[in-house]
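Computed from heavy atoms alone, side chains included, the values below leave out hydrogens, waters and symmetry copies. A, B, ... follow the sequence lines: proteins, then strands. Residue 1 opens every chain. Because the structure is predicted, anything quoted here is derived from the model rather than measured.
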Protein chains: 2
Amino acid sequence: MRNNFSLALKKLNLKITPKRLAILEILMKESVFLGPEEIWKKLRTRFKKIGLPTVYRNLEELAEGNIISKINHPNRQLYYYLCPNQSPHHHFICLSCHKVEDINFCILKELEEEVINNIRGKVLSHILQINGLCKECFKERKNGL
Amino acid sequence: MRNNFSLALKKLNLKITPKRLAILEILMKESVFLGPEEIWKKLRTRFKKIGLPTVYRNLEELAEGNIISKINHPNRQLYYYLCPNQSPHHHFICLSCHKVEDINFCILKELEEEVINNIRGKVLSHILQINGLCKECFKERKNGL
DNA sequence: AATTAAATAAAAATCATTTCTATTTAACAC
DNA sequence: GTGTTAAATAGAAATGATTTTTATTTAATT
């Protein structure tokens with residue numbers, strides 16, 4: 001596990017610092033989307049003296065290197081980060097437990113064609129985020145959703 | 001035109017103020033997505049004394065009433081607003097000229113089914129934003145895109 | 001162990017957005 | 001039209017997330 005991260009960091013010419021590894025470990029353990037401040041609070045249990053800017057900087061660097069990815073939460077204006085996944089822009093987000101799952105999105109090609117037909121321009125990128133309840137939360141129907 | 005706006009405002013129990021109408025006229029004229037500050041600058045040519053908070057407040061109220069809608073721009077963290085359109089969450093955004101077009105999205109039902117099959121939970125909402133070049137900008141290939 | 005460039009802490013700055021309060025104004029009744 | 005009232009506004013200040021700055025520390029390499 002740690003070796004994977006180290007290798008990935010080396011490829012990006014990022015030094016392997018305890019804090020950087022800790023951030024990745026937190027994101028890996030949680031498999032939930034977290035804000036910089038949430039991550040910072042978790043880090044402070046291990047590092048008494050860690051600054052919030054350090055967390056921001058690291059998250060940004062890791063996101064640039066595609067080790068983690070950035071998403072939007074619909075009801076907050078902050079960005080959240082998440083461990084690597086195959087399709088960086090297709091998320092299913094559980095609004096109850098905040099778990100993030102990839103969605104198997106074979107419709108995308110069709111969509112792109114449809115858009116090109118409508119717009120007659122060029123598609124460069126997209127943001128697709130689907131919000132709902134995951135299996136478990138749907139059963140429990142937490143939060144009155 | 002103005003009557004349409006007045007009627008819509010009345011339905012929402014919002015008073016018909018010159019500034020409120022001006023905001024709607026700007027958004028209608030431009031048919032491009034604009035940030036609060038951009039709108040504010042345009043308003044100041046007509047109203048010397050208009051505060052940015054007034055613009056924010058109005059945009060928020062109008063968005064709540066579905067007279068305008070809010071979208072995300074991928075490379076800025078700000079929200080942008082746009083005149084009413086039929087499908088509030090499906091936008092095609094030209095990264096060159098910032099024009100916003102609706103996309104005729106008949107694939108959505110399929111997508112929802114696909115997600116439900118994968119996740120086995122519940123879909124509550126989604127954000128779909130497609131970025132690219134509109135017909136005109138694609139021809140001109142502005143901005144090196 | 002010494003060197004060097006990157007990473008960090010801490011404080012301060014920035015920037016978008018929101019809140020607060022006193023004043024103004026639109027809507028409505030007369 | 002004039003008066004009344006609740007909503008809208010200006011302007012200043014507050015907020016809150018994020019970024020920048022600078023001096024110090026540390027990881028990587030020799």
Problem set entry | Phosphate OP1/OP2 of D:dG11 contacted by B:Lys49 side-chain N/O (<4.0 Å) |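 Yes, within the criterion.
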
For this session: For D:dT19, take OP1 and OP2 only and decide whether either is under 4.0 Å from a side-chain N or O of A:Tyr56.
Result: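 Answer is no, no contact under 4.0 Å.
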
Problem set entry | Counterpart residues, side-chain hydrogen bond (donor to acceptor under 3.5 Å, both in side chains), relative to B:Arg57 (two or more places apart) |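 Partners of B:Arg57 under the side-chain hydrogen bond (donor to acceptor under 3.5 Å, both in side chains) test: B:Thr54.
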
Rounded to the nearest angstrom, tell me the gap between atom [atom1] in [X] and atom [atom2] in [N].
{"X": "A:Glu60", "N": "D:dT19", "atom1": "CD", "atom2": "P", "answer": "6 Å"}
{"X": "A:Leu52", "N": "C:dA7", "atom1": "CG", "atom2": "P", "answer": "18 Å"}
{"X": "A:Lys11", "N": "D:dA28", "atom1": "NZ", "atom2": "C1'", "answer": "19 Å"}

What I'd like to find out is whether the side chain of [X] reaches to under 4.5 Å of the side chain of [Y], using heavy atoms alone.
{"X": "B:Arg44", "Y": "B:Lys48", "result": "no"}
{"X": "A:Leu43", "Y": "A:Lys19", "result": "no"}
{"X": "A:Leu14", "Y": "A:Ile67", "result": "no"}

Problem set entry | Residue met sooner reading DNA chain D from 5', once B:Thr54 and A:Glu37 are mapped to nucleotides |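 Result: B:Thr54.
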
Exercise. 5'-most contact on DNA chain D: B:Lys48 or B:Asn13, nearest heavy atom basis?
Worked result: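 Its nearest nucleotide lies further toward 5', so the answer is B:Asn13.
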
For this session: Give A:Arg57 one of three labels, base, sugar-phosphate or nothing, depending on what nucleic acid heavy atoms sit under 4.0 Å from its own.
Result: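 Counting heavy atoms under 4.0 Å across all strands, the contact made by A:Arg57 includes a base.
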
Seminar exercise, completed: With sugar-phosphate taken as primed atoms, P, OP1 and OP2 and all else as base, the protein-contact string of nucleotides 21-30 of chain C at under 4.0 Å (heavy atoms; B, S, -) is -----BS---

